[in-house]
Amino acid sequence: MAFPDIHAVIFDMDGVLIDSEPLWQRVEFDTMTALGLPITYEDTLQTTGLRIDQLVEYWYKRYPWPDYQRKGKHSEENSNHAIAERIINQAIITINQNAKPMHGVIEALDYCQAHGLKIGLATSSPSIMIKTVLTKLNITHYFEVTTSAEHLAHGKPHPEVYLNCADALGVSPHHCLAIEDSFNGLIAARAANMHTIAIPAPEQQHLPKWIVAHQQLANLTELAGYLESNK
């Protein structure tokens, strides 16, 4: 289908700009199994796109552990805050050491910039992770706005982080294109009344759930051609 007039492109971060989802999965798996949770590495796919505190709560509801507290910056070793902080700190180290940009990132950003499209970022990851990733990839200068769901009442799949990004860009959500790799992120962008592109991980591209997106692409190298053909 052809897009209407697009004024802004809003990128998710993990799995769209940087190949960090497998690294997040490994840190999540190691942290949760250390708590004694009987999960597999593949089980961590269920939390892709969730904010870190939501991820911790997701697993607590399924496999409760002692000394858990949901809210506040509690010092208890097994509180939501402590476990979330543990995951974030290890993820930052791992991403700085091993993460690489997704295929076509620079080409996609260059195209958007050259064609006068505003560029935003809407992610469930905390602000410290945004800074880590954009600095590592040397792409900070492309983004007019970066928004995190870190301190919002609800993270993805709630649309608030996308609506905040569109508002900060000064663009109606109807004229925004959101690019996501996760189902939770797509639900958030659709709920924000944005046009959507899904770029799932290669091993997930065959799954029928991506029909939720307006369009599915293999990677970001296809973005420019797709937008050109749908003007």
Side-chain angles (χ1 to χ4, degrees), residues 11-35 37-59 62-63 83-109 121-139 146 148-150 155-157 161 178-189 197-210 212-213 216-223:
F11 293 83
D12 176 44
M13 188 173 74
D14 295 290
V16 172
L17 297 178
I18 194 164
D19 190 13
S20 54
E21 290 293 6
L23 305 181
W24 276 107
Q25 286 174 249
R26 173 53 58 184
V27 172
E28 177 183 351
F29 174 76
D30 290 346
T31 303
M32 292 304 163
T33 53
L35 282 169
L37 275 62
I39 67 171
T40 66
Y41 180 78
E42 289 70 26
D43 289 336
T44 62
L45 290 172
Q46 300 169 37
T47 61
T48 302
L50 293 182
R51 194 172 61 192
I52 190 68
D53 61 309
Q54 294 175 312
L55 178 155
V56 176
E57 187 174 18
Y58 177 93
W59 289 120
R62 285 153 182 79
Y63 306 104
I83 294 171
E85 194 169 61
R86 203 177 307 161
I87 292 172
I88 290 168
N89 290 340
Q90 187 56 49
I92 288 173
I93 294 171
T94 305
I95 286 170
N96 268 322
Q97 290 175 341
N98 302 308
K100 298 178 180 179
M102 299 298 288
H103 188 42
V105 168
I106 300 301
E107 294 94 323
L109 292 171
L121 177 70
T123 177
S124 294
S125 291
S127 299
I128 189 172
M129 189 61 73
I130 295 175
K131 183 177 180 180
T132 297
V133 169
L134 298 191
T135 300
K136 180 174 177 61
L137 299 185
N138 193 27
I139 58 174
T146 63
S148 167
E150 179 180 14
K156 298 176 184 178
V161 67
I179 303 179
E180 274 283 353
D181 74 309
S182 76
F183 187 72
N184 284 319
L186 281 175
I187 296 300
I197 287 178
I199 306 182
E203 65 274 13
Q204 297 185 47
Q205 290 182 359
H206 67 286
L207 298 177
K209 65 182 180 180
W210 306 117
V212 170
Q216 180 177 338
L217 301 179
N219 56 61
L220 283 173
T221 64
E222 298 180 353
L223 178 63

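- Note that CD1 of I88 and CD1 of I52 are 5.5 Å apart. Values are rounded to the nearest 0.5 Å.
- Residues S182 and N184 have side chains that never bring a donor and an acceptor to within less than 3.5 angstrom of each other.
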Using a 3.5 Å cut-off and no angle test, enumerate the donor-acceptor pairs between side-chain atoms of residues 124-132 and protein atoms at least two apart in sequence or in another chain.
unit_1 : atom_1 : unit_2 : atom_2 : d
S124   : OG     : G49    : O      : 2.9
S125   : OG     : D14    : OD2    : 2.6
S127   : OG     : E150   : OE1    : 3.2
T132   : OG1    : I128   : O      : 2.8

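- Using a 4.5 Å heavy-atom cutoff, the side chains of R26 and T94 are not in contact.
- In plain terms, the two heavy atoms of A213 and I197 that are nearest each other are CB-C, 4.4 Å.
- Considering only residues two or more places apart in sequence or on other chains, W210 meets the side-chain hydrogen bond (donor to acceptor under 3.5 Å, both in side chains) condition with none of them.
- For the atom pair CG of D181 and CG of N219, the computed distance is 13.0 Å after rounding to the nearest 0.5 Å.
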> Stepwise, does the side chain to side chain contact (heavy atoms under 4.5 Å, CB included) test hold for F11 with V105?
Replying inline: CA-CA 10 Å; F11 293 83; V105 168; over 6 Å; no
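- In terms of heavy atoms, I39 sits closest to T33 at O-CG2, 3.9 Å.
- Between Y63 and L37, the closest heavy-atom pair is CB-CG, 3.7 Å.
- For the atom pair T47 OG1 and L55 CG, the distance stands at 4.0 Å (nearest 0.5 Å).
- Of the inter-residue distances, the one linking L50 atom CG with E28 atom CD reads 8.5 Å to the nearest 0.5 angstrom.
- The 12-atom threshold is not exceeded at NZ of K100, counting heavy atoms of other residues, nucleotides or ligands nearer than 6.0 Å.
- Across all their heavy atoms, Q204 and L45 have their closest contact at NE2-CD2, 3.5 Å.
- The line from CD of E57 to CZ of R62 is 10.0 Å long, rounded to the nearest 0.5 Å.
- No donor-acceptor pair under 3.5 Å is formed between the side chain of K156 and the backbone N or O of V161.
- Residues K136 and N96 form a side-chain contact, since some pair of their non-hydrogen atoms from C-beta on lies under 4.5 Å apart.
- Across every non-hydrogen atom of L186 and A198, the tightest pair is CD1-CB, 3.7 Å.
- Interatomic distance, E222 CD to I199 CD1, rounded to the nearest 0.5 Å: 8.0 Å.
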> Do E107 and L220 pass the side chain to side chain contact (heavy atoms under 4.5 Å, CB included) test, and can you show the C-alpha distance, the side-chain angles, and the key distance before you say yes or no?
Replying inline: CA-CA 8 Å; E107 294 94 323; L220 283 173; over 6 Å; no
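- Among the candidates I83, D43, T44, the single residue satisfying the side-chain contact (heavy atoms from CB on, under 4.5 Å) test with M32 is I83.
- Pairing each heavy atom of L217 with each of Q205, the nearest pair is O-NE2, 4.4 Å.
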>> Walk me through whether W24 and I87 qualify under side chain to side chain contact (heavy atoms under 4.5 Å, CB included).
In response: CA-CA 8 Å; W24 276 107; I87 292 172; 3.7 Å; yes
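- Between the side chains of Q90 and T31, no donor-acceptor pair of N or O atoms lies under 3.5 Å.
- Counting heavy atoms from C-beta outward, H103 and T221 have side chains that approach closer than 4.5 Å.
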